[in-house]
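All values below were derived from every heavy atom in this structure, side-chain atoms included, with hydrogens, water molecules and symmetry-related copies excluded.
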Amino acid sequence: MKLKDIVKDIVVELARLQLVPVARRNDGDAFPLPRMIAAGDGGGIVVSKKIDDGIAAVAKLLLDNDPSLKTGYTQAEWRTAVRRCFGPALASIDLDDKPQDNAKLVLKSVREALSKDQSRQISREHAFGCTLFSDANIEAFAIGPVRFETRTNWLARQVQAGYVTNVTAKRIRNAWQGRKLRKRKVSNESLTEDAILDAIDTCPFVCSVTTTGFAGEAAKEKSLTAARLALAAIALLWQTPSKALNGFNLLFDRSVRRIKTLTFVPTKHVLSGSSLSHMPHGPWLKSGAWEDLLRDWKDHFAIFGEVLDFILSPTGQVARPKLMNTFAQAVMWFHEGCRETVSLMAIVKFTATMDALAGGHGEPAICRVITARLGLKPQDPIRRNGPTLSEVIKKIYGDGRSRTVHGTNDKFGWDWSDTEGQAEQFAKLCLLSCMDWASQNTAVDDPALLQK
């Protein structure tokens with residue numbers, strides 16, 4: 001159905017409603033209260049489910065016809081924006097005029113209002129409390145658009161920018177030092193204080209991501225993705241990234257808690273135990289070691305900066321969009337694989353990392369990527385007297401990934417931890433080598449060349 005026809009039906013339905021008592025306008029509607037749209041003048045228009053459904057249909061068509069909107073809004077945000085624009089548009093027409101003429105006016109008004117929507121033009125800095133290394137005194141650093149700094153330095157920066165007053169900052173620092181705060185009168189400053197203490201909590205670091213070109217919820221989701229992938233970029237420097245990421249956490253995602261277990265055995269003993277859900281911080285580093293790693297791995301972090309710029313671009317128009325799109329998906333799967341607690345599911349995600357780099361062409365293409373980037377041929381053993389590369393990838397991709405995804409894994413109850421470890425290491429090596437190749441071939445934007 002065309003846009004103009006849907007809007008015409010909305011206008012006809014609105015005219016019909018004027019002849020129906022307000023109390024009867026939601027007859028047959030499961031929603032118990034009258035449906036209303038703000039008219040933009042402090043008033044509102046009572047509508048029906050049919051009108052609401054029509055507006056949702058208009059929103060979908062407008063979104064489908066303009067792909068540039070798909071990255072700037074979540075679907076719920078876009079529907080809300082369109083609905084918000086319909087109110088003043090419907091309030092401005094004369095329902096005695098011809099429906100088709102009114103439909104043209106309404107659609108024009110809605111389009112104009114949407115073009116002036118300012119929610120995407122706002123620059124937002126998103127701050128997430130996080131854990132990193134055992135040393136909480138490192139200098140601030142950035143991976144592309146993602147910045148990490150100690151919470152005290154972050155707070156000082158907010159004071160300087162005018163977001164936080166000196167009084168509020170002092171109270172926050174006292175709270176971080178374990179001092180009990182005197183109760184404060186409710187005000188904008190007290191709400192800011194509470195929000196910061198809740199969002200940062202006991203985390204020694206803050207991860208900040210600045211966005212422009214996204215509506216509010218879309219901006220938050222993009223920022224979270226960028227922050228998670230930045231943590232993965234750091235974890236890739238360690239032998240086993242999943243162990244490093246076990247201590248690198250955004251407070252938004254998870255906080256350390258103690259897990260209690262209870263076991264009953266036939267001898268009538270009751271056994272209890274406990275463990276931490278994950279580590280309170282990442283690897284131990286001596287003073288100055290992180291700054292050395294930043295210098296040694298500057299090319300690694302530069303290419304990751306390109307990936308994060310792509311993720312935070314509202315248009316996707318970056319220098320190498322095809323290659324960055326491939327890397328973004330590969331790193332996303334790698335991050336999720338490292339976070340996974342079930343071995344088989346971790347294998348699925350680590351395999352997806354390699355499959356993304358292989359263009360989605362499966363086991364043979366993954367072997368081609370490994371051969372091209374790591375120099376290991378399919379018939380070469382992965383270690384002395386060990387299985388060949390082809391055999392290992394077949395077990396990871398075929399037995400571990402494909403059979404699990406398709407529900408045909410007849411070894412479901414086996415211990416897959418060794419295969420999980422192999423999948424993680426190959427995924428890590430593929431990521432590092434492919435991104436290193438990209439950093440040396442800055443003019444290339446063809447993911448297929450990762451196999452050659």
Original post:
Does L105 offer a backbone N or O that forms a donor-acceptor pair with the side chain of S109 under 3.5 Å?
Top reply: no

Original post:
Is there side-chain contact between D445 and P321, with at least one heavy-atom pair below 4.5 Å?
Top reply: yes

Original post:
Does D201 reach the main-chain N or O of C203 with its side chain, forming a donor-acceptor pair under 3.5 Å?
Top reply: no

Original post:
Under 4.5 Å between any side-chain heavy atoms of W238 and K243, yes or no?
Top reply: no

Subject >> Under 3.5 Å side-chain donor-acceptor pair for Q422 and D418 >> reply: no

Original post:
Side chains of S242 and E424: donor-acceptor distance under 3.5 Å anywhere?
Top reply: yes

**OP:** Test F350 against C338 for side chain to side chain contact (heavy atoms under 4.5 Å, CB included), laying out the working first.
**Re:** CA-CA 8 Å; F350 287 133; C338 288; 3.9 Å; yes

**OP:** Find out whether F128 and V206 are in side-chain contact, i.e. whether some heavy atom of one side chain is under 4.5 Å from a heavy atom of the other.
**Re:** no

**OP:** Could you label the plane-to-plane angle of the W290 and F301 rings as parallel, tilted or perpendicular, counting under 30° as parallel and over 60° as perpendicular?
**Re:** perpendicular

Subject >> Under 3.5 Å: donor-acceptor pair, side chain of W416, backbone of K411 >> reply: yes

Original post:
Are R295 and D292 within salt-bridge range, i.e. N to O under 4.0 Å?
Top reply: yes

**OP:** Answer yes or no on whether R401 is positioned over the face of Y397, meaning its NZ or CZ is under 6.0 Å from the six-membered ring centre and within 45° of the axis.
**Re:** yes

**OP:** State which residue, out of W297, F148, F133, fulfils the ring pair (Phe, Tyr, Trp, His ring centres under 6.0 Å) condition with F141.
**Re:** F148

Subject >> N/O donor-acceptor pair under 3.5 Å between T261 side chain and G273 backbone >> reply: yes

Original post:
Is the ring centre of Y73 less than 6.0 Å from the ring centre of F214?
Top reply: no

Original post:
Among K220, R147, R157, whose salt bridge (charged side-chain N to carboxylate O under 4.0 Å, His left out) with E125 holds?
Top reply: R157

**OP:** Would you kindly say whether R184 and T168 are connected by a side-chain donor-acceptor distance under 3.5 Å?
**Re:** yes

**OP:** Sort out for me which residue in L231, L236, N246 forms a side-chain contact (heavy atoms from CB on, under 4.5 Å) with P241.
**Re:** L236

Original post:
Do W437 and L450 have side-chain heavy atoms sitting under 4.5 Å apart?
Top reply: yes

Subject >> Polar side-chain atom of T442 near backbone of S439 as donor-acceptor pair, under 3.5 Å >> reply: no

Original post:
Can E13 and S48 be counted as having a side-chain donor-acceptor contact under 3.5 angstrom?
Top reply: yes

Subject >> From I6 atom CD1 to I55 atom CD1, the distance as rounded to the nearest 0.5 Å >> reply: 11.5 Å

Original post:
Heavy atoms, side chains only, cut-off 4.5 Å: are L431 and W333 in contact?
Top reply: no

**OP:** Examine distances only and state if a side-chain atom of E77 and a backbone atom of E217 form a donor-acceptor pair shorter than 3.5 Å.
**Re:** yes

**OP:** Give a yes or no on whether the backbone of A233 and the side-chain of H300 come within a donor-acceptor separation of less than 3.5 Å.
**Re:** yes

**OP:** Taking the side chain as every heavy atom from C-beta outward, state whether I366 and F426 have any atom pair closer than 4.5 Å.
**Re:** no

Original post:
Under 3.5 Å, is there a donor-acceptor pair between the side chain of R173 and the main chain of L155?
Top reply: no

Original post:
Under a 4.5 Å cut-off applied to non-hydrogen side-chain atoms, are T419 and S343 in contact?
Top reply: no

